Amino acid sequence: MTVGAFFIGGRNVKPAGRRSQPVLSPATGAVIGEVALAEAEEIDAAVAAARAAQPGWAGLAACDRGAALRRLAAEIEARAETIGAVLAAETGKSLGDATGEAVYGAEITRYHSEWARRIEGEIIPSDTPGETLLLMRAPIGVVVCLIPFNFPIYTLLRKVAPALMAGNSVVVRPSNTTPLSALALAEAIQAAGLPDGVINILTMDHAGAGRLSQAEAVGMITLTGSVSAGRAVMDYAKANIAKTSLELGGKTPVLVGPDADVADVARRLVANKTNHCGQVCTAAARVYVVEALHDALVAALTEAFRARRFADRAQEPDAMGPVASEKARAEIHAMVERAVAEGASLAAGGVMPEGPGWFYPPTLLTGCRQEMEIIREEVFGPVLAVVRVSDLDEALRLANDHQFGLSSVLFSNDHRKVMQIANSMEAGELYVNRFPADPYQGYHAGWKRSGLGGDDGKHGLLEFTQTRLVVLAP
C-alpha cells in the first residue's frame with residue numbers, strides 16, 4: 001500500500017525529492033506504505049496552482065460550486081469502501097467505522113453544498129439620506145488546511161467543503177501518521193470534475209508545513225490539532241496576517257447530578273471513552289460526580305472498563321483499537337503513572353500490554369484532585385479520571401477552573417440546574433444527557449486555549465469568508 005504521488009493542479013505528481021516517511025499500522029507496527037515529503041518547489045507549485053485556480057472558481061455562480069461539491073460527495077460515497085480500507089489500515093479503526101467516516105465526510109460535503117443560495121450579505125442603514133451601505137461576503141483566497149490523525153477524512157472534508165463553497169481554493173497537508181487516506185481522495189476529486197488546482201494535497205514535514213503556511217498567497221490557515229501546533233500556526237500567520245481557525249486541545253468535563261441514572265451514565269461513558277481508543281477531541285476526560293452517586297458510578301465504571309476488550313479491529317471489529325503511535329502510548333502511560341504517584345487510585349487498566357501494536361487498556365483513575373496533571377492536561381487516549389464533588393455547583397466551578405473549553409457534558413433532569421449550567425459553562429459546547437457528536441449544522445468552536453474560530457454550520461462556513469463594505473453615495 002505505497003502512495004508515491006502528490007496531488008497538485010488536478011493531477012498526480014511524482015515527487016521530485018528522495019525524502020520519504022513510512023506509514024505504520026498502529027495495530028501491528030508493520031509498514032503499510034510510504035509517503036514522500038514535499039520539497040520547497042513542490043509546496044510552492046501547489047500554492048501557485050491554488051492561487052491560479054481560485055479566481056475562476058470564485059467567479060462561478062455559487063449554485064455551480066454547490067453542484068461540484070455534490071458531485072464530489074457522490075464520488076466519495078462510490079469509493080467509500082476503498083477509501084475506508086486505506087483509512088482502517090492507517091488508523092486501526094474497523095473497516096465498518098472507517099467506511100462510515102468516508103460516508104460521513106461525503107455527507108458534510110453535501111451539507112455545505114446546500115449553502116449555495118444561503119450565503120447572504122447585509123443592507124445597513126446609512127446616516128446620509130439616500131445613501132446605501134452594502135456589506136458583502138467574499139472568499140479569502142488560498143486556504144491551508146492542516147489535518148489531524150484521528151479523523152483524517154472527515155476532518156479534511158469538514159474544512160475543505162466550506163472553504164470551497166465560499167469560493168476559496170485549498171492546499172491540504174494531512175497528518176504524516178495517517179496520510180494515505182487523504183491521498184486516496186485524489187481519484188474522487190478528479191472524477192468529480194473539479195477545476196484543476198482547486199484542491200491540492202501534499203505530505204510534508206514540519207518545516208514544509210511552515211513554508212506552506214507562510215506562502216505569500218495564503219490568506220487563511222485552518223488547523224485541528226494540539227495547543228502547541230496552534231501556537232506554531234499563529235506564528236506562521238504573522239507572515240501574511242493570515243486569518244486562523246484553530247480547534248485545539250480539549251478536556252471534556254462530565255458533570256453527574258444527583259438525579260442521574262448511574263447505569264445509563266456508566267454505559268455511555270464507557271462507549272464514549274473507548275471510541276477510537278479515546279483519541280477524540282471531545283471525549284470524556286474528567287468526571288465530576290456528586291457524593292450520593294460516586295461509589296455506585298465508580299463501581300459500574302470499574303466493572304465495565306475491566307470487561308472492555310482491546311484488539312486488532314481488523315480481526316475483532318467490536319473491540320477497542322490501538323492508539324496512534326508508540327510515542328503516544330508511552331506518553332499516556334507516563335501520565336497514568338504520575339497520577340498514581342500523586343495519589344490517584346488505579347481502578348482499571350494502567351498497564352502496558354505485551355505483543356505487537358500500540359494498544360493501551362481502558363484505564364480508570366479514582367480519587368483524583370483538581371490540581372493533578374491528569375485533570376489539568378489533555379490525555380489523548382482511553383483514560384478517565386473521576387473527582388468526587390458535593391453538588392453540581394462545585395462540579396461547575398471545577399469544570400470551569402481549566403485552561404480548555406471545547407466540549408462539556410451534563411447529566412441532570414433538573415431543568416433549572418440545566419439552564420444555570422448552560423448559562424455558566426465556560427466551553428463552546430454543552431451536551432445534556434448525551435455525549436458530544438458534533439452535529440454539522442451546529443458550530444464546533446472552543447473557548448480559552450481550545451481554539452479560535454470554529455467548524456460546521458453557518459458560522460463555520462462564514463469563517464472562510466471576509467467582508468467588503470460598499471458605500472453607495474446618493
Side-chain angles (χ1 to χ4, degrees), residues 6-13 38 41-73 75-76 105 108-109 112-113 115-116 119 137-147 155-174 182-183 185-204 208-209 211-223 233 236-237 239-245 453 455 460-466 468:
F6 304 129
F7 187 64
I8 302 174
R11 61 189 182 93
N12 293 315
V13 176
E41 60 268 26
E42 293 159 325
I43 293 169
D44 295 348
V47 173
R51 185 174 192 174
Q54 191 272 329
W57 175 250
L60 294 175
C63 59
D64 290 335
R65 294 198 298 272
L69 287 184
R70 289 191 292 278
R71 293 196 304 272
L72 177 59
E75 296 295 343
I76 293 170
I108 197 169
T109 301
H112 281 294
S113 77
W115 280 95
I119 302 175
R137 290 278 176 180
I140 292 170
V142 176
V143 176
V144 167
C145 302
L146 305 175
I147 309 302
T155 308
L156 186 157
L157 293 166
R158 184 187 212 179
K159 296 180 182 299
V160 167
L164 295 185
M165 190 63 253
N168 304 287
S169 59
V170 299
V171 182
V172 177
R173 189 253 180 160
L183 293 168
L185 279 177
E187 183 180 334
I189 296 167
Q190 289 173 315
L194 270 68
D196 294 347
V198 168
I199 302 177
N200 305 273
I201 305 172
L202 300 88
T203 46
M204 63 192 73
R211 183 181 183 90
L212 169 63
S213 299
Q214 296 175 87
E216 184 178 355
V218 170
M220 179 175 177
I221 313 167
T222 176
L223 162 80
V233 166
Y236 299 154
N240 297 325
I241 316 298
K243 184 176 183 178
T244 60
S245 179
D455 295 301
L461 183 138
L462 293 180
E463 291 283 351
F464 294 94
T465 68
Q466 56 191 345
R468 178 188 300 114

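Note that the structure is a prediction, hence the values are computed from the model and not measured.
Summarising the geometry of Arg11 relative to Gln190, their closest heavy-atom pair is CA-NE2, 3.8 Å, with the distance given to 0.1 Å. Ala242 and Val218 get closest at one heavy-atom pair: CB-O, 4.1 Å. The minimum heavy-atom distance between Ala217 and Val142, with the atom names listed, is O-CB, 3.6 Å. The two residues Lys159 and Cys145 make their nearest non-hydrogen contact at CB-SG, 4.2 Å. Of all non-hydrogen atoms in Ala209 and Arg173, the two that sit nearest each other are CB-NH1, 4.1 Å.
To the nearest 0.5 angstrom, Ile147 atom CD1 is 10.5 Å from Arg158 atom CZ. Summarising the geometry, atom CG belonging to Leu146 is positioned 11.0 Å from atom CG belonging to Leu156; distances are rounded to the nearest 0.5 Å. Atom CZ of residue Arg71 and atom OG1 of residue Thr109 lie 13.0 Å apart, to the nearest 0.5 angstrom.
A donor-acceptor distance shorter than 3.5 angstrom exists from the side chain of Arg65 to the backbone of Met165, with no hydrogens or angles considered. Judged by distance alone, with hydrogens and angles left aside, the side-chain atoms of Asn168 form a donor-acceptor pair with the main-chain N or O of Gly141 at under 3.5 Å. A donor-acceptor pair is defined here as one N or O able to donate and one able to accept, closer than 3.5 Å; such a pair exists between the side chain of Asn240 and the backbone of Ala215. Looking only at distances, no side-chain donor or acceptor of Asn200 sits under 3.5 Å from a matching main-chain atom of Val172.
Within a 6.0 Å sphere centred on CD of Gln214, heavy atoms belonging to other residues, nucleotides or ligands number more than 12.
Of the residues listed (Asp455, Thr155, Leu157), the one engaging Ile108 in a side chain to side chain contact (heavy atoms under 4.5 Å, CB included) is Leu157, and it is the only one.
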Stepwise, does the side-chain contact (heavy atoms from CB on, under 4.5 Å) test hold for Leu223 with Thr244? CA-CA 8 Å; Leu223 162 80; Thr244 60; over 6 Å; no
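Looking at Ile189 and Ile201, their side chains come closer than 4.5 Å, going by heavy atoms from C-beta outward. Side-chain contact between Leu194 and Leu164: present, with at least one pair of heavy atoms (C-beta onward) separated by less than 4.5 Å.
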